[in-house]
Amino acid sequence: RRALVTSCHPMAIGTGAPFAAKPSAPSRAVERSPQRPHPEAAAPQVLASEVTQSMGSMAMEDCLDLKQGENVSLEMLKPGIEVTLGDLSLRCIDVLGSGSYSVVWLVEVLQKGASPQDDHRWRNSNDKFLALKDVLCKTQATLRQSLFEVQLLREVERRSQLDPQIFPRARLPRCIAYKVDPYVGGWAVRTAMTRLDGEQLDDWLRRSSLVTDSRSSSAPSSTAAWTSHIQGGCIMARELIRQIGPTLEQLAPLAWHRDVNSHNILVSDGISGSTLNPAFFENRASFWLCDLGLAVDSRSWVSSEGAWRYTDIGGDCRYWPASSWMVHLYGAEYLEAREDFCRQYQTRLDIHGLGITAVELLCSVALAARSSGAPAGDGSDSSGSWGRLLDSWKRYHETVGHWWETIYKVFSVGGDFRPVHSWLVQEEVSDQVISLIASLRSALRDCMDPDDGPTSRVLHVLAELTDEASTLELREACELLEGDAGGWPTPSDSYCFVPRSPASGAAAGAGSPGARAATARAA
């Protein structure tokens, strides 16, 4: 089941199929980009700052020099297996989640090592249980990518320790320890991190939709209007942006996450720490970001000859902006004459991902209620604008979901992707996404009511975050929503922002690197 909702791996998408020759826009001549380098060159580089090694783990640079273990077999993890990371001893209990190249385990802490009470990594964490991410790397590039994920977690934590006022606690799991084990054919990178409360947001949305559907089916005469779910959706969308936006901004000088979606966001009851009750959730939701596995170095990504030109596409295509589809189908050169889309692909992938996830959060439960037969309610949608918004979301969700299923069927069996690639080009998928997103933005703006300021501000922010021409940053989005905190109380932490770094050299349409990255899935 987990495999069916995991993202397509970036090393797979964009490989094995030639870029289609689609004519460029006539406004500018397009220069040919340099020849694609070997895939090893696309892996993130070591962070410039020194990161202190944790609990006996090897230094990052030493890990990269490790040779594959000759005649060394790897003990695969299973329930009851004990794992040692430095002087930290753990016992595997059960699988929390899995992806294409990694598995996350719930582990019991058997031994913490020296003076854990004085170690900031254990602050506010459950002393008995952690999450252990197990990644099997068969190439130096995947080893470097896995270590980059560890580095990001540790660097973010280091900065928050240096100056908590400037670098507040990010909504990410905390890295406790890591270890690299060479074996025949590759390396195993095992990272112990704090276990986050709650469940994946896509699971919560499915559960909430099922609850709504069952209520409508069992007692149709007393069914609540589907419009009654709109305000709750707006509150949830607002809190998602307020809570995750600052974390993405704080990660901006280091990395882009590239895979922000409802599967990589955890939600829990911020008061009790338990799973969030679909019936009583509006003012209690607590969101956390996870899975840094596809993150890229934002500093090397954004430049005139940056890594955005040759790094394989990444993330879940259901949350891709049009610019990602353009790169996937026609190559990075296709963006050079399209300034807004070029800027979006270089600096706003995570902004779009958060925005479209917030739209999903706004619409999903209300759409499920309407689909199960719930009425609109007297006068609650007299103009029909909310109904048109749900129609637009349903059309977008079903269309991109069909493309995703088609792509996944091929990759799940290691099939030939070229026919699918040709079909996507023939369907002019990137143009369809432009149209579908534009319809969503229009519907969001049509729902804005001058007499309902808080809701209108949420709708305005969602439209801007998903607009390739927008210059609204997450800092500004949260500032727009912050004034509504008194009307919509939440248990969330205070949200501060790291000062934005000045712009570096960029290609056509590129702005300053400012993005986001996150961590291992600890569902």
Side-chain angles (χ1 to χ4, degrees), residues 152 156 159-160 166-172 201 234-262 264-265 285-290 292 295-296 298-299 301-302 315 319-321 323-324 340 343-362 437 441 444 457-485 488 490 492-504 510-519:
L152 287 176
V156 169
R159 293 185 177 201
S160 68
I166 299 298
F167 302 101
R169 173 79 173 93
R171 287 187 160 265
L172 301 167
L201 182 57
C234 282
I235 295 174
M236 291 285 282
R238 170 185 174 274
E239 279 308 299
L240 175 67
I241 294 168
R242 286 186 65 236
Q243 294 182 35
I244 301 300
T247 291
L248 293 175
E249 279 277 326
Q250 187 173 337
L251 288 164
L254 302 174
W256 309 119
H257 187 286
R258 294 204 307 162
D259 201 15
V260 177
N261 59 63
S262 59
N264 289 334
I265 293 173
S286 178
F287 297 98
W288 292 80
L289 185 62
C290 62
L292 279 165
V296 293
S298 59
R299 293 161 298 182
W301 181 267
V302 181
Y319 299 82
W320 280 0
S323 58
S324 291
D340 288 337
R343 179 173 57 88
Q344 181 188 59
Y345 189 70
Q346 291 187 65
T347 67
R348 297 179 68 85
L349 290 179
D350 295 337
I351 290 175
H352 178 90
L354 185 63
I356 203 69
T357 302
V359 175
E360 179 183 22
L361 194 50
L362 165 62
I437 294 292
R441 288 198 306 269
L444 286 165
R457 282 188 286 275
V458 171
L459 298 174
H460 168 71
V461 166
L462 297 188
E464 288 293 311
L465 296 184
T466 55
D467 190 344
E468 67 277 357
S470 175
T471 58
L472 185 75
E473 298 289 345
L474 289 173
R475 170 200 297 273
E476 298 166 320
C478 291
E479 288 172 350
L480 284 173
L481 301 177
E482 199 67 31
D484 302 324
W488 291 344
T490 67
S492 51
D493 299 338
S494 59
Y495 307 114
C496 305
F497 289 89
V498 59
R500 196 162 181 81
S501 58
S504 62
S512 59
R516 6 273 153 195
T519 39

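As the structure is a computational prediction, the values presented were derived from the model and not from experiment.
With ring centers used as reference points, Trp301 lies under 6.0 Å from Tyr345.
One finds the CD atom of Gln243 at 10.0 Å from the SG atom of Cys478 (value rounded to the nearest 0.5 Å). Separation of atoms CD1 (Ile265) and CZ (Arg171) is listed at 11.5 Å; rounding is to 0.5 Å. Taken from CE in Met236 to CZ in Phe287, the straight-line distance is 4.0 Å, to the nearest 0.5 Å. Note that the CG atom of Leu480 and the CZ atom of Arg457 stand 8.0 Å from one another [nearest 0.5 Å]. A distance of 10.5 Å separates CG in Asp350 from OG1 in Thr357, rounded to the nearest 0.5 Å. Between the CD atom in Glu464 and the CD1 atom in Ile351 there is a gap of 11.0 Å [rounded to 0.5 Å].
Using modelled atom types, one side-chain atom of Ser298 and one backbone atom of Ala252 make a donor-acceptor pair closer than 3.5 Å.
Between Glu473 and Arg348, the closest side-chain pair of non-hydrogen atoms falls below 4.5 Å. With contacts defined as side-chain heavy-atom distances shorter than 4.5 Å, the pair Leu474/Leu465 qualifies. Looking at heavy atoms from C-beta onward, Thr247 lies out of side-chain contact with Val156 at the 4.5 angstrom threshold. Within the 4.5 Å cutoff, the side chain of Ser262 has no heavy atoms near those of the Leu361 side chain. Between Glu360 and Leu201 the shortest side-chain heavy-atom distance does not fall below 4.5 Å. Side chains of Arg159 and Leu254 form a contact here, defined as non-hydrogen atoms less than 4.5 Å apart. At a threshold of 4.5 Å between non-hydrogen side-chain atoms, the residues Gln344 and Asp340 do not count as touching. The shortest side-chain heavy-atom distance between Leu362 and Val458 does not fall under the 4.5 Å cut-off.
The nearest pair of heavy atoms linking Ile241 to Leu354 is CA-CD2, 4.3 Å. Closest approach of Arg343 to Glu468, counting heavy atoms only: NH2-O, 3.0 Å. Of all the heavy atoms in Gly315 and Asp259, the pair that sits closest is CA-OD1, 3.3 Å. The shortest non-hydrogen separation linking Gly355 to Leu462 is O-CD2, 4.2 Å. Scanning all heavy atoms of the two residues, the minimum distance from Val461 to Leu481 falls at CG2-CD2, 4.0 Å. Minimum interatomic distance between Val359 and Leu444 (heavy atoms only, all atoms of both residues): CG2-CD1, 4.2 Å.
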message = Would Leu472 and Asp467 count as a side chain to side chain contact (heavy atoms under 4.5 Å, CB included) here? Give the steps.
response = CA-CA 9 Å; Leu472 185 75; Asp467 190 344; over 6 Å; no
